[in-house]
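What follows is one structure encoded as C-alpha cells, with my remarks underneath.
Letters A, B, ... mirror the listed sequences (proteins, then strands); counts begin at 1.
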Amino acid sequence: MADRNDGQRFDRLPATEAERTVEGRATREEVVDFFADRFGIPPETFEDYSVWEKGAGKIWIYGGDAPTPIEIEAIGMTCLRTRQEHWKPTTDFVQRFGVHATDCVIELDREQARRFASGEDQDLERWDGDWGYLIAAHSVAGKREPIGVGLYVHGELRSMVPKGRQRDLES
Amino acid sequence: MEPLERYRPIIDDFDAFLAACERPLGNAVRVNTIKATVERTLEALDREGVGYEQADWNPRVVDLETDSPGSTWTSFHGFTHGQEEVSAVPPVVLEPEPGERVWDCCAAPGGKATQIAALMDDRGTVVANDNNLGRISALRFNAERLGATSLAVTNADARNYSLSRFDFDEFDRALVDAPCSCEGTIRKNPDALDNWSEGHISSVAGIQKGIIRRAIQATREGGTVVYSTCTFAPEENEAIVQHALDTESCRVVDFDLGLEHSPGLTEWEDDEFDSSLEKAARIYPHQNDTGGFFVAKLEVTA
C-alpha cells in the first residue's frame, strides 16, 4: 500500500513518477514541466531549488539545505496548489518567477493593473489565448512586471490576489 | 522620557538626544534586491510620483515622502519593505555571503532575515527562527511577499535551539537581534517606555544571555555572531556581550559603519567591561536622525 501524505511535515517531491511512493503527490518533474508547458518558464530556472509538499497539495520551492522529511513552519515559498483539477500557482511565486514566463501572460494597462491589485474582477474581451490561470503583468519602470495570478473565463479576468495581499494603489 | 535620564552621564549632547527622541521618524524602506535593483526601484518610485531620499551609508535604504509606504506599487511588488534605517544595520555588519548557512534566531517579523537573504543573493540557507507563533505568521507573509526562497522558518526557543532538524550541525553566522526593552524605538512608538522598569530590564537580560550563548555555540569556529538591540540600556548591551566573553569562546571584533555612532561602554554604574567593548557601536537618535541601536560583532574562537 502506498504511503499517505502527512499534513504536519514537509516532504521533498519525488524526482519522477518511478520514485513516487505517496499516492496523489506530484513529482518534481511534473511541477517543472507544468511551469514550462503552461507559462514557458525554462526548466533550468529551477535547477538550484528543491520542491516540497506539506498539507494536501500545497507545493513549496526552496533554495537552501534541509533533510526530508522535516517538521518546521515554512521552507522557502509556496509556489503551487496541486490535487485539484487545474493546478494553480501562487501570487507570490508568480511575482518572483513570472518574469521568466513567455506564455499565458496578460499585459494590463495602468487602470486594469490597479483594479487587479485591489482584487477586482474585470471584463476583458481581447484575450485570445488559453482560458484558465494566467499571469497578469504590467509595465514598471519600462519593464514587464508580474502582478499576480488571474483566472480567465468567459471574457472575464478574475483577480486571484489573496485578500491580505490586495492593495488600493494609485493608477 | 523619564527613564532615559539615567543615560545623561554617557550621552554627548544629552539635550539634543532628548529632543530627537521626541520627534517622529520618517518612512524608511529597504530596497529588496531579490525582486529589483536599486536603480529600477528608484525609477519606479519616480514614475509613481513618490519622492525619496537615499541614505548616505547604504544605497538600499530610502526615506519615502509618503504617509503610506505600504500603498505603493514598489511595496506591492516587494521591491521595497518598510524597515527603519538603523534596523538595516545588523545584517550589514553580519556580512553574510551567498551559499552560507545563517541563523537569525529572533527573526520575526522578518525585515532583517529577508535582508540577510538579499545580501546572500537568496542563495544559501537562512534559518529564520522565532519563539512566537503569532509573529511567525507575519514573518512568513513578509518572506513570501519579498520572494525569499532561501528561508527555512522554525518556531522554537532560541536558548535551547536544536539543529537536529537539519542535516548540518553548525552555522557560518548568526544574528542575535534580541528581544529588549526597546527604548530606541520611542520615535516610532511613543508608548515604548510605558512599561519601563529596572525589573523588566533584568528579566529580559536573562533571556538575552541565554540566546547569545546558544548562538555562539551553534556557530562554527571562525564564524561571526552579531548581537544587536534597539535599546540604550548597558545591562542589555555591553553586559550581555561581556557575559558571552566570560562564558563562551569568542572575541569582539571591529567593523566599519558609515553612520555616526558612539563606542560601546567599558563601564556602567558598578560594572566594568572588557576594553574590546569599545569596538561595539551605540547609535543615538540625534546622531543620524534615526532610531536608537546597539550593535556588537563577535568572532567565534577555538
Side-chain angles (χ1 to χ4, degrees), chain A residues 9-10 12 45-46 48-52 54 60-79 90-99 110 113-114 116-118 137-148 161-171, chain B residues 34-37 39-50 66 68 70-79 98-102 117 120-130 133 136-137 139-141 143-156 164-168:
Chain A
R9 65 187 206 195
F10 289 94
R12 199 181 288 243
T45 308
F46 306 109
D48 296 331
Y49 295 93
S50 51
V51 190
W52 303 69
K54 184 188 183 189
W60 303 61
I61 185 162
Y62 177 55
D65 302 328
T68 181
I70 184 168
E71 284 196 42
I72 58 177
E73 298 303 315
I75 194 160
M77 68 188 301
T78 53
C79 66
T90 65
T91 291
D92 291 315
F93 171 82
V94 157
Q95 281 201 354
R96 174 72 162 81
F97 291 96
V99 292
R110 288 166 71 93
R114 188 196 63 73
F116 191 89
S118 73
H138 68 150
S139 174
V140 173
K143 270 176 27 190
R144 192 173 79 184
E145 189 65 30
I147 305 169
V161 176
K163 269 224 154 51
R165 286 284 270 120
Q166 293 169 7
R167 288 288 179 279
D168 285 320
L169 300 155
E170 300 285 315
S171 60
Chain B
I34 295 173
K35 284 279 192 85
T37 62
E39 294 71 26
R40 184 157 183 241
T41 301
L42 297 183
E43 195 182 330
L45 287 168
D46 282 335
R47 295 199 187 191
E48 277 193 81
V50 178
T66 168
S68 46
S71 298
T72 57
W73 276 108
T74 50
S75 168
F76 181 81
H77 284 296
F79 293 5
E100 289 186 331
R101 292 169 179 145
V102 180
M120 292 163 63
D121 298 331
D122 202 24
R123 289 194 290 121
T125 305
V126 180
V127 174
N129 177 69
D130 205 273
L133 201 54
I136 278 185
S137 62
L139 164 64
R140 286 181 48 189
F141 178 84
E144 296 230 338
R145 197 184 117 257
L146 300 175
T149 61
S150 54
L151 248 58
V153 179
T154 62
N155 173 213
S164 65
R165 66 195 100 208
F166 295 104
D167 47 10
F168 49 87

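For chain B, the option among A/G142, A/G76, A/C79 with the highest count of heavy-atom pairs below 4.5 Å is A/G76. For chain B, the option among A/P146, A/A141, A/A113 with the highest count of heavy-atom pairs below 4.5 Å is A/A141. Among the candidates A/W60, A/F10, A/F93, the residue making the largest number of heavy-atom pairs closer than 4.5 Å to chain B is A/W60. Residue with the most contacts toward chain A among B/T125, B/T154, B/T149: B/T149 (heavy-atom pairs, distance under 4.5 Å). Your options are A/Q166, A/R167, A/Q95, A/M77, and the one with the most heavy-atom pairs under 4.5 Å with chain B is A/Q95. The most heavy-atom pairs under 4.5 Å with chain A, out of B/S75, B/S71, B/S68, B/A117, come from B/S71.
A salt bridge links B/R101 with A/D65: the closest approach of a Lys/Arg side-chain nitrogen to an acidic carboxylate oxygen falls below 4.0 angstrom. With salt bridges taken as basic N to acidic carboxylate O contacts below 4.0 Å, none links B/R140 and B/E144.
The side-chain heavy atoms of A/H138 and B/H77, taken from C-beta on, include a pair separated by under 4.5 Å. The side-chain heavy atoms of B/K35 and B/T41, taken from C-beta on, include no pair separated by under 4.5 Å. Residues A/R96 and B/D122 form a side-chain contact, since some pair of their non-hydrogen atoms from C-beta on lies under 4.5 Å apart.
Heavy atoms of B/A143 lying under 4.5 Å from chain A are absent altogether. Contacts between B/L151 and chain A at a heavy-atom distance below 4.5 Å involve the backbone alone (N, CA, C, O). Looking at B/F168, the atoms closer than 4.5 Å to chain A (heavy atoms on both sides) all sit in the side chain, from C-beta outward. With a 4.5 angstrom heavy-atom cutoff, A/T78 touches chain B via backbone and side-chain atoms both. Proximity to chain A is limited to the side chain of B/L133, based on heavy atoms less than 4.5 angstrom apart. With a 4.5 angstrom heavy-atom cutoff, B/T72 touches chain A only via backbone atoms. With a threshold of 4.5 angstrom between heavy atoms, B/R40 approaches chain A through its backbone and through its side chain.
Rounding to the nearest 0.5 angstrom, the gap separating the CD atom in A/E145 from the OG1 atom in B/T74 is 11.0 Å.
Between the side chain of A/R165 and the backbone N or O of B/F76, at least one donor-acceptor pair lies under 3.5 Å. A donor-acceptor pair under 3.5 Å is formed between the side chain of B/E48 and the backbone N or O of B/W73. Side-chain atoms of B/N129 come within 3.5 Å of backbone atoms of B/A156 as a donor-acceptor pair (strictly under, hydrogens ignored).
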